[in-house]
Engineer: 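Can you read through this structure? Questions will come right after.
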Amino acid sequence: MGEAYSMVSVKKKSDQAGRSSGKKMYIVLFRWEDVATFTKDEKGVKVTAFAFAEGKKPIGVYATPSTINIYANSEGEDDARGYIHHVDFEHPGTSLEFDEMMNANINANLGAIVMGCSGGDAKIAGTPCTPLQVTQDTSQDNKEGNKNTVQLASSLRSGPLGRIAKSLIPMTDDDEVNAVLGLPAADATGL
């Protein structure tokens with residue numbers, strides 16, 4: 001990687017650079033086994049190609065926007081440091097559909113894309129070789145609330161979170177979700 005990156009100054013983007021930013025209310029969730037193409041540039045952060053195998057699509061999972069947290073932690077010993085990717089969120093209610101989706105993916109190798117409200121590139125967590133796993137899915141249905149709290153994390157170190165252009169994000173299986181995320185609407189055939 002030494003040749004791909006030249007040291008350049010990194011300035012503060014704006015006076016509000018540290019202000020929290022809103023997130024779109026759906027997390028794009030997918031299985032890495034459904035992805036046909038995934039490449040990053042030589043610096044290892046920006047996604048340059050992303051496509052699903054024929055007949056496969058990601059899904060949109062509603063998350064309470066204020067609870068969405070996509071981040072990476074660096075860890076490791078000398079000469080072995082890397083990043084563990086995380087996606088945490090809460091899903092309101094304890095519906096049958098959510099429980100079925102989580103049960104089907106509790107041991108799956110996942111990836112997740114989180115889009116900000118202000119446009120620009122989205123963040124992608126997980127890679128084909130360092131996928132996200134469900135590390136916590138806690139349901140609550142009592143006088144305090146009715147929700148699921150979900151944590152996804154990679155179990156192996158990799159590079160930092162990826163950045164993916166909105167134009168590379170495939171449509172989900174749902175036209176309403178696509179509209180909320182600003183993705184092109186699925187055609188009438190559903191392909």
Side-chain angles (χ1 to χ4, degrees), residues 1-14 17-24 26-53 56-61 63 65 67-89 105-137 150-172 181-183:
M1 257 212 195
E3 293 179 30
Y5 179 79
S6 297
M7 292 292 285
V8 295
S9 296
V10 179
K11 301 174 187 173
K12 183 167 75 168
K13 288 282 189 182
S14 73
R19 183 182 293 169
S20 62
S21 60
K23 309 284 187 287
K24 299 272 184 163
Y26 287 96
I27 295 172
V28 177
L29 194 65
F30 57 91
R31 291 182 176 175
W32 281 107
E33 66 190 50
D34 295 341
V35 175
T37 306
F38 177 78
T39 58
K40 289 184 176 181
D41 69 7
E42 64 278 354
K43 295 176 185 173
V45 177
K46 192 158 183 71
V47 176
T48 56
F50 188 63
F52 279 74
K56 301 293 184 177
K57 291 186 178 204
I59 63 170
V61 177
T67 68
I68 299 170
N69 188 12
I70 182 169
Y71 62 102
N73 287 347
S74 63
E75 66 167 41
E77 301 298 320
D78 290 353
D79 295 327
R81 287 186 187 90
Y83 295 89
I84 300 292
H85 295 188
H86 299 268
V87 178
D88 303 340
F89 64 94
N105 290 293
I106 193 75
N107 290 304
N109 292 324
L110 302 173
I113 298 172
V114 174
M115 299 172 67
C117 289
S118 60
D121 289 350
K123 292 181 180 176
I124 183 170
T127 70
C129 294
T130 56
L132 300 175
Q133 301 283 320
V134 176
T135 58
Q136 177 184 333
D137 176 21
V150 177
Q151 293 178 344
L152 308 172
S154 55
S155 57
L156 297 172
R157 296 178 200 120
S158 66
L161 292 172
R163 303 301 170 100
I164 184 168
K166 188 174 179 180
S167 61
L168 292 177
I169 301 171
M171 293 182 296
T172 71
L181 294 176
L183 300 174

Engineer: Using residues 28-35 as the side-chain source, report each donor-acceptor pair under 3.5 Å to any protein atom, sequence neighbours left out, with the distance given to one decimal.
Structural biologist:
{"from": "Arg31", "atom 1": "NE", "to": "Asn105", "atom 2": "OD1", "distance (Å)": "2.8"}
{"from": "Arg31", "atom 1": "NH2", "to": "Ala104", "atom 2": "O", "distance (Å)": "2.7"}
{"from": "Arg31", "atom 1": "NH2", "to": "Asn105", "atom 2": "OD1", "distance (Å)": "3.1"}
{"from": "Trp32", "atom 1": "NE1", "to": "Leu110", "atom 2": "O", "distance (Å)": "3.0"}
{"from": "Trp32", "atom 1": "NE1", "to": "Thr127", "atom 2": "O", "distance (Å)": "3.4"}

Engineer: Start with the C-alpha gap between Val61 and Phe89, add the side-chain angles, then the distance that decides, and say whether side-chain contact (heavy atoms from CB on, under 4.5 Å) holds.
Structural biologist: CA-CA 10 Å; Val61 177; Phe89 64 94; 4.1 Å; yes

Engineer: Which residues pass the side chain to side chain donor-acceptor pair (under 3.5 Å) test with Asp78, sequence neighbours left out?
Structural biologist: Arg81

Engineer: Taking His86 for its side chain and Tyr71 for its backbone only, find out whether a donor-acceptor pair lies under 3.5 Å.
Structural biologist: no

Engineer: Taking side chain to side chain donor-acceptor pair (under 3.5 Å) as the test, write out the residues that go with Gln151, two or more places apart.
Structural biologist: none

Engineer: Which heavy atom in Ile84 sits nearest to a heavy atom in Ser154, and how many Å separate them?
Structural biologist: CG2-O, 3.2 Å

Engineer: Would you tabulate the side-chain donor-acceptor contacts of residues 159-168 under 3.5 Å, counting partners in other chains and residues two or more places apart, or write 'none'?
Structural biologist:
none

Engineer: Would you indicate whether Lys123, at its atom NZ, is surrounded by more than 12 heavy atoms from other residues, nucleotides or ligands within a distance under 6.0 Å?
Structural biologist: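 Counting other residues, nucleotides and ligands, NZ of Lys123 stays at 12 neighbours or fewer.
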
Engineer: Assess the residue pair Glu75 and Asn73 against the criterion (side-chain contact (heavy atoms from CB on, under 4.5 Å)); give the C-alpha distance rounded to whole Å, side-chain angles, the decisive distance to 0.1 Å, and a yes or no.
Structural biologist: CA-CA 6 Å; Glu75 66 167 41; Asn73 287 347; 5.9 Å; no

Engineer: Just verifying a value: how many Å separate Thr172 OG1 and Tyr26 OH, rounded to the nearest 0.5 Å?
Structural biologist: 9.0 Å

Engineer: Is the count of non-hydrogen atoms from other residues, nucleotides or ligands lying under 6.0 Å from Lys40 atom NZ greater than 12?
Structural biologist: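 More than 12 within 6.0 Å, yes.
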
Engineer: Taking only residues two or more places apart in sequence, or in another chain, which ones meet Ala49 in a side-chain contact (heavy atoms from CB on, under 4.5 Å)?
Structural biologist: Thr37, Thr39

Engineer: Testing the basics here: between Pro128 and Pro131, what is the closest heavy-atom pair and its distance to 0.1 Å?
Structural biologist: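 For Pro128 versus Pro131, the nearest heavy atoms are O-CD, 3.9 Å.
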
Engineer: Compare every heavy atom of Leu152 with every heavy atom of Thr135, then report the nearest pair and how far apart it is.
Structural biologist: OG1-N, 4.2 Å

Engineer: May I ask you to check whether over 12 heavy atoms, not counting those of Phe50, lie within 6.0 Å of atom CZ?
Structural biologist: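 Atom CZ in Phe50 is packed in, count exceeds 12.
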
Engineer: Using 0.5 Å steps for rounding, measure from the CG atom of Asn69 to the NZ atom of Lys23.
Structural biologist: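 Rounded to the nearest 0.5 Å, the CG-NZ separation comes to 7.5 Å.
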
Engineer: Looking only at heavy atoms, what is the nearest atom pair of Ala112 and Ile27, with distance?
Structural biologist: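 Here Ala112 and Ile27 meet closest at CB-CG2, 4.0 Å.
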
Engineer: Would Val150 and Gln136 satisfy side-chain contact (heavy atoms from CB on, under 4.5 Å), going step by step from the backbone distance to the final call?
Structural biologist: CA-CA 5 Å; Val150 177; Gln136 177 184 333; over 6 Å; no

Engineer: Taking only residues two or more places apart in sequence, or in another chain, which ones meet Thr67 in a side chain to side chain donor-acceptor pair (under 3.5 Å)?
Structural biologist: none

Engineer: Looking at NZ of Lys24 and SG of Cys117, how far apart are the two atoms once the value is rounded to the nearest 0.5 Å?
Structural biologist: 6.0 Å

Engineer: Find the distance between CG (Asp121) and CD1 (Ile113) and round it off to the nearest 0.5 Å.
Structural biologist: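 Here the rounded value is 11.5 Å.
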
Engineer: Compare every heavy atom of Pro58 with every heavy atom of Pro170, then report the nearest pair and how far apart it is.
Structural biologist: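 Smallest interatomic distance, heavy atoms only, reads O-CG, 4.0 Å.
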
